[in-house]
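Structure record follows, encoded as structure tokens.
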Amino acid sequence: MKPLHYIVIFIICLSARCYCQVDVKFLEAYNVQISDLIDNGNYELAEKKSDSLFILSKQINYTEGVAESYNLKGVINRDQSNLKDALDNYLSALKLFEELKMPVKVAGIQNNIGLIYAEIKEYRTALAYYFKAEKINISNKEKSRLAINYNNIATCYQKLNQFSSAQTYLQKSLLLRQEVADTIGMAMSYHNIGINHQLTNDKDSAIIFFNKSLSYLSNMSENIGHAYNYLELGNTLLQQGKLKEAEKYLLSSLRITQNSELEGLKVEVYKYLSMLYEKQNDFKKAFMYQNLYLASKDNVESDESKNEILKKELEYDFAKRQELQRKDAENRQAVAAAEIKSQKKLTTGAVIALVVLSGLILIVFRSYTQKRKANEIISKQKEIVEHKNKEILDSINYAKYIQNALLPSEKSISSLDIDCFILFKPKDIVSGDFYWIHNNPYTTSGENETYIAAVDCTGHGVPGALVSVVGNNGLNRCVKEFGIHNTGEILDKLSELVEETFEKSENELKDGMDISLLKISHFNNDYQSLDNKVKIQWSGANNPLWVIKNSVSSSGVENKEIIEIKADKQPVGKYTERKKFTEHNLVLEKGDKLYLFTDGYADQFGGPKGKKFKYKQLEELLISSSKLSLEQQKINLENAFFEWKGDLEQVDDVCLICINL
């Protein structure tokens with residue numbers, strides 16, 4: 001913190017002590033001042049005043065003011081693209097507002113957390129937060145806040161290319177803002193309606209709405225709202241080829257961003273100015289703004305910030321669950337202590353009854369009253385335990401939502417042009433098994449490499465899910481950060497990363513994972529092939545690779561057989577007799593099928609005698625269904641699994657991947 005920062009805080013605190021006692025009304029007005037500073041892009045002064053609000057609120061034990069200071073710091077961090085600190089501050093504010101039972105404030109924080117996920121392009125997760133906030137605001141008839149929710153929901157639908165849904169929510173937001181006479185809000189709504197027209201290639205309508213947005217800001221000094229409208233006007237005019245007009249608006253937007261700390265907006269301005277000057281053949285300026293764009297872009301966002309934020313929230317939910325369990329244990333101890341105390345008083349009453357017969361009626365009545373109170377305590381504690389259990393279940397269900405966000409989406413899998421299916425069935429709400437797919441388009445040989453893995457982490461449920469986060473992050477680091485291309489070396493490095501993660505604990509942890517890792521090389525958007533031959537590389541930790549050959553006998557009959565490529569008998573993670581993982585380089589034929597899997601399917605108990613399914617039966621099932629389409633084969637495997645399991649409990653997570661070459 002700078003010395004000037006301390007001086008500002010000292011002067012504010014001193015003036016508050018000397019001229020008036022700091023009270024809640026003073027801090028509420030102070031909160032509004034900070035919000036105005038943020039709206040005008042004066043983040044440096046806003047941050048100093050937020051720190052002052054925190055200190056002053058602490059002095060008078062004003063918890064709501066402390067929570068508001070965390071929220072304001074989160075807004076400043078988010079506007080400056082410091083998403084990690086923003087999430088920390090929002091979570092601190094959320095905890096305090098939940099303790100204060102202030103649902104409208106809770107909805108505001110949920111909305112702000114949704115904004116962070118929108119910035120890292122996790123739009124489905126952002127929508128989940130926005131809809132939570134919407135529900136609270138509807139029940140509390142918070143029209144202004146509900147208008148903000150609708151605007152943010154619309155923005156996510158724009159990013160998901162669902163423009164019709166976006167237009168519906170934008171109109172809802174605009175109507176509410178007109179109803180409450182929110183001038184700035186109406187400017188924002190017209191701006192976003194302009195964006196919707198721009199995205200649907202209706203550029204003339206887009207320009208009309210951007211200018212309409214500016215008209216609602218005309219009585220204000222230039223701020224972030226002007227900057228965004230100038231940017232989109234410049235972008236739209238640039239697309240129409242009106243370069244002079246576009247240049248005027250883009251330079252106006254740049255002037256505003258240079259007087260503030262709007263790094264994300266500044267990146268967009270640099271990009272469009274570079275494109276504009278290139279079209280004007282002013283290559284010196286085009287090159288200058290292109291360099292500014294690339295330099296600024298690297299500072300705004302990275303792939304690892306996404307995993308770090310998701311992991312932080314998973315850890316937050318897990319810590320919250322442990323706290324609920326601790327309180328549950330304390331409640332049970334309190335019930336037991338009440339029962340013991342009641343029994344002692346009953347015994348004392350019996351002794352007194354033997355000595356003084358005249359006091360028998362009084363003692364019995366007193367004991368009865370105390371027992372009734374004890375029963376009332378037990379009943380209330382039971383309700384508390386049931387409520388806490390529901391909160392734990394809700395927390396784990398949300399952890400499942402977060403874990404699903406780490407898995408490759410159907411859209412990302414289909415974009416790789418790989419013919420495959422994935423059978424994934426967690427035993428519990430969250431899973432210790434996971435699948436991982438990564439496409440690496442840039443290699444020294446000019447090939448496009450696709451990596452596919454089926455991973456079985458130690459345990460299942462919440463512990464397994466936490467280990468899966470470590471495994472997922474480790475695999476991404478191996479190929480992105482360390483640039484490793486060989487499957488054996490990837491597993492070697494992953495094992496080091498897992499050991500490094502768990503050796504930080506004071507207790508010895510031997511958690512790890514079994515994995516089947518495949519690499520397919522592509523060239524010119526097709527598998528690397530020669531005369532229908534396909535070259536792959538594979539390595540495994542305890543789990544093998546199965547190949548069903550697509551061969552035909554001399555008589556024209558198809559020969560279906562399974563070839564097993566055995567894995568190294570060692571896990572990924574801590575292991576006493578560690579050795580290098582083996583790399584298997586194979587040349588297969590088009591039409592061959594590859595299977596990567598964990599042990600959950602084969603280990604399932606069921607059937608008429610309640611025995612394991614076993615790998616032999618799985619082999620026969622895969623061979624018999626290999627002629628089917630991939631979609632039908634997946635359905636066949638699912639039906640066989642549930643028929644075998646019957647009414648028995650699922651014993652482990654199930655993950656099976658089939659790739660058709």
Side-chain angles (χ1 to χ4, degrees), residues 63-64 67 90-110 113-114 125 128-140 312-346 367-405 425-432 459-466 468-469 645 647-653:
T63 306
E64 183 180 346
Y90 285 150
L91 291 176
S92 298
L94 181 63
K95 181 179 179 182
L96 292 176
F97 283 133
E98 285 176 341
E99 291 173 356
L100 292 170
K101 300 188 185 306
M102 301 179 71
V104 174
K105 296 291 187 180
V106 169
I109 300 300
Q110 289 172 338
I113 294 175
T125 306
Y129 276 105
Y130 293 150
F131 287 135
K132 283 183 180 181
E134 177 196 19
K135 184 177 180 181
I136 294 173
N137 288 327
I138 289 175
S139 64
N140 287 275
K312 181 181 288 293
E313 186 163 352
L314 186 60
E315 291 171 347
Y316 167 75
D317 284 342
F318 185 66
K320 185 176 180 181
R321 183 177 69 86
Q322 288 183 318
E323 178 66 14
L324 291 173
Q325 290 176 336
R326 183 186 65 79
K327 290 182 179 179
D328 180 39
E330 291 176 353
N331 290 332
R332 288 198 298 269
Q333 290 175 358
V335 172
E339 290 179 340
I340 293 171
K341 185 177 180 181
S342 178
Q343 291 298 324
K344 286 182 178 180
K345 289 181 178 180
L346 285 172
S367 298
Y368 167 76
T369 303
Q370 290 177 342
K371 187 173 183 179
R372 184 180 64 183
K373 289 181 179 179
N375 288 335
E376 289 175 356
I377 293 173
I378 292 171
S379 178
K380 289 180 180 179
Q381 295 295 345
K382 181 181 178 182
E383 292 177 4
I384 292 173
V385 170
E386 290 175 351
H387 179 68
K388 297 300 182 184
N389 285 339
K390 183 179 181 301
E391 288 185 345
I392 292 170
L393 185 60
D394 290 343
S395 179
I396 295 174
N397 277 323
Y398 193 68
K400 175 186 178 182
Y401 193 87
I402 295 170
Q403 187 182 44
N404 287 342
K425 297 192 174 299
K427 175 186 182 299
D428 300 311
I429 298 174
V430 289
S431 174
H460 45 74
V462 173
L466 289 174
S468 75
V469 172
K645 183 175 77 71
D647 295 330
L648 296 181
E649 182 182 2
Q650 185 174 333
V651 299
D652 200 359
D653 304 315

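- The nearest pair of heavy atoms linking A107 to A133 is O-CB, 3.3 Å.
- Using modelled atom types, one side-chain atom of D653 and one backbone atom of G432 make a donor-acceptor pair closer than 3.5 Å.
- Under the 4.5 Å side-chain criterion, counting only non-hydrogen atoms from C-beta, I113 is in contact with L91.
- Surrounding NZ of K645 are more than 12 heavy atoms belonging to other residues, nucleotides or ligands, all under 6.0 Å away.
- Remark: side-chain polar atoms of Q650 are paired, donor with acceptor, to backbone N or O of D652 under 3.5 angstrom.
- Atom-to-atom distance recorded for L94:CG and E99:CD is 10.0 Å, nearest 0.5 angstrom.
- The shortest non-hydrogen separation linking I136 to V104 is CG2-N, 4.1 Å.
- Here the CG atom belonging to N140 is positioned 11.0 Å from the CE atom belonging to M102, to the nearest 0.5 angstrom.
- With contacts defined as side-chain heavy-atom distances shorter than 4.5 Å, the pair Y130/Q110 does not qualify.
- The nearest pair of heavy atoms linking P426 to S431 is CB-CB, 3.6 Å.
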